[in-house]
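Reviewing the structure listed below.
The first residue of the sequence shown is numbered 1, and numbering continues consecutively from there.
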Amino acid sequence: MKYVAATIVSFAVGNAIAQQARVIQIPVHPMYGQLEPRCVSGDGRIVVGSGHKPDGNNTTIPMVWPIDGEIESLLDPLLRGGASGSVCSYDGAVVAGTGHDRDYNQVGYRWVRGGGVTLLNGLVGQARLYSASAMNRDGSIIAGDIHNAAGSNPAFSGAYWTSEAGVVVVAGIPGGATSRVISGMSGDGRTMVGILNGSAPFAWRADSGSFLVPFPSAAYTDTHGLSVTSNGDAIFATAIGRMPGIGVPMTWNPDTGTSTLPGIAGQNSTGLDAATADGRVGVGSTIANSTPPYGEAGAVVFTLGSGTRYLADVLADYGISRPRTDFRYSIDVSHDGRVIVGQGGIYPYWVVILPSPAPADFNVDGTVDMVDLMDFIDCFTGNSVLPVSSADMDGDGAVDCFDFDEFVRRFE
């Protein structure tokens, strides 16, 4: 079922570059209500989430919205009861989420838009994927968790599904904690990130197994918002402190280890909810302090060149003047950092579309200068909080002299 979005709002601005920035309200379906987004496709064209059936039970239904286009809703006889849309492939053609089968057992599903639904059941003797929370670029690998037998400890284990292997449990740390859930995946599906029992972050690689991702310090004990770069060489997350309400953005790569990223000055907690495929842009939110100075809660954007800024302040660079409270929480960001999906403020749910940075604006601070060259060299040589893969200027999957030549060509 499809519905044409009737409310698309953009703000007039004063120059040609600024006119490319847009703020759009995520539409309401006439039958299934407000589309509540969970992710945006890597190419920035598709928003995936859920609506609600008018059945008096607030039953959820997966929905997909091609930006500026029509809402698509999923009604399939394989799914009974509520179902949610959670993740999608790079182009949004494959969607996965959590639903219920004909016997009302909770199970993950895979939906090929324009085609059918596959329930993510295991092969003979395997558990079914209980939820879906991560996907590779083409939608052929889906990860989340399985529900272990009643009374088991742990109750859940991280796992992934493929059509060939069925449901495969992801091992935790050898001799240590078991995996609890997979929440992020590289584009090729060979690196997955998630949370261990005990809430520590970990990563699993197809060629070497699992390892613990270290916190910035012993002051942090929990994490959320885990994401991983396209080739799996860097992890981004929020580290949560022992003291309630304390959180910092963090990143890890094998060259420089774990680093904290700057938060908003004066705010106790800044969270990072998603990062781009190359790690050059991250989005999240800051929480207003519970004691003076209270500050402001709001959606934020991280770049290497500008640090962490309120999304409203970023929009002001393009002539869109809105209070910071108009953009409360970021949810997801496209692979190139241009399309940000969020919640609260000016609209219940919104999409912000930003102009593409200049080709040589490596640190994405809005200017091209010698700092971009220095930041690129640091990244190229493995001396940056960004992973080496961020320096893949020609997009061939390798970082070599051709990328250096490509950056210099753009810079000149």
Side-chain angles (χ1 to χ4, degrees), residues 1-2 29 31-32 35-39 41 46-53 55 57-65 71-150 152 154-171 179-185 189 192 194 204 206:
M1 184 176 294
K2 298 184 178 181
H29 192 281
M31 181 176 295
Y32 303 124
L35 169 59
E36 300 174 4
R38 291 288 301 275
C39 74
S41 61
I46 306 293
V47 175
V48 171
S50 304
H52 298 270
K53 295 179 182 178
D55 58 3
N57 297 317
N58 206 31
T59 304
T60 55
I61 180 171
M63 296 203 300
V64 172
W65 175 49
I71 293 180
E72 302 172 32
S73 55
L74 173 60
L75 292 173
D76 191 281
L78 287 179
L79 294 173
R80 288 187 177 179
S84 62
S86 300
V87 291
C88 66
S89 58
Y90 174 82
D91 61 2
V94 181
V95 173
T98 304
H100 295 82
D101 64 19
R102 292 174 178 173
D103 295 322
Y104 296 97
N105 298 307
Q106 183 171 319
V107 62
Y109 71 88
R110 179 178 184 265
W111 169 31
V112 178
R113 292 169 54 217
V117 166
T118 301
L119 299 184
L120 305 183
N121 291 312
L123 304 179
V124 176
Q126 296 177 336
R128 65 183 181 275
L129 201 67
Y130 194 68
S131 66
S133 52
M135 182 183 289
N136 69 335
R137 183 182 176 95
D138 66 8
S140 62
I141 306 173
I142 300 168
D145 60 15
I146 63 169
H147 191 190
N148 297 324
S152 298
F156 299 91
S157 295
Y160 67 90
W161 173 95
T162 68
S163 60
E164 297 83 9
V167 175
V168 180
V169 176
V170 175
S179 66
R180 192 175 80 199
V181 66
I182 302 299
S183 55
M185 190 185 305
M192 302 181 193
W204 172 88

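Aromatic ring pairs are classed by plane angle as parallel below 30°, tilted from 30° to 60° and perpendicular above 60°; the pair H147 and F156 is parallel.
Counting only distance, with no hydrogens or angles, the side chain of D138 and the backbone of S140 share a donor-acceptor pair below 3.5 Å. Side-chain atoms of S41 do not come within 3.5 Å of backbone N or O of G92 as any donor-acceptor pair. Between the Q126 side chain and the A165 main chain, a donor and an acceptor come within less than 3.5 Å of each other. Side chain of S84 to main chain of S50: no donor-acceptor pair is present (N/O by atom type, distance under 3.5 Å, no hydrogens or angles).
Atom OH of Y109 is separated from atom OG of S86 by 6.5 Å, given to the nearest 0.5 angstrom. Atoms CZ and CD, on R128 and Q106 in that order, are 8.0 Å from each other to the nearest 0.5 Å. To the nearest 0.5 angstrom, L78 atom CG is 5.0 Å from R102 atom CZ. Atoms CD and NE2, from E36 and H52 in turn, are 3.5 Å apart once rounded to the nearest 0.5 Å.
In plain terms, the two heavy atoms of I182 and A143 that are nearest each other are CG2-CB, 3.5 Å. Minimum heavy-atom separation, Y32 to K53: CD2-CA, 4.0 Å. When all heavy atoms are compared, the tightest approach of R113 to V64 is NE-CG1, 3.7 Å. Heavy-atom minimum distance, G189 versus I141: CA-CD1, 4.0 Å.
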Self-check item: side-chain contact (heavy atoms from CB on, under 4.5 Å) assessment of T118 paired with W161
Solution: CA-CA 11 Å; T118 301; W161 173 95; 4.1 Å; yes
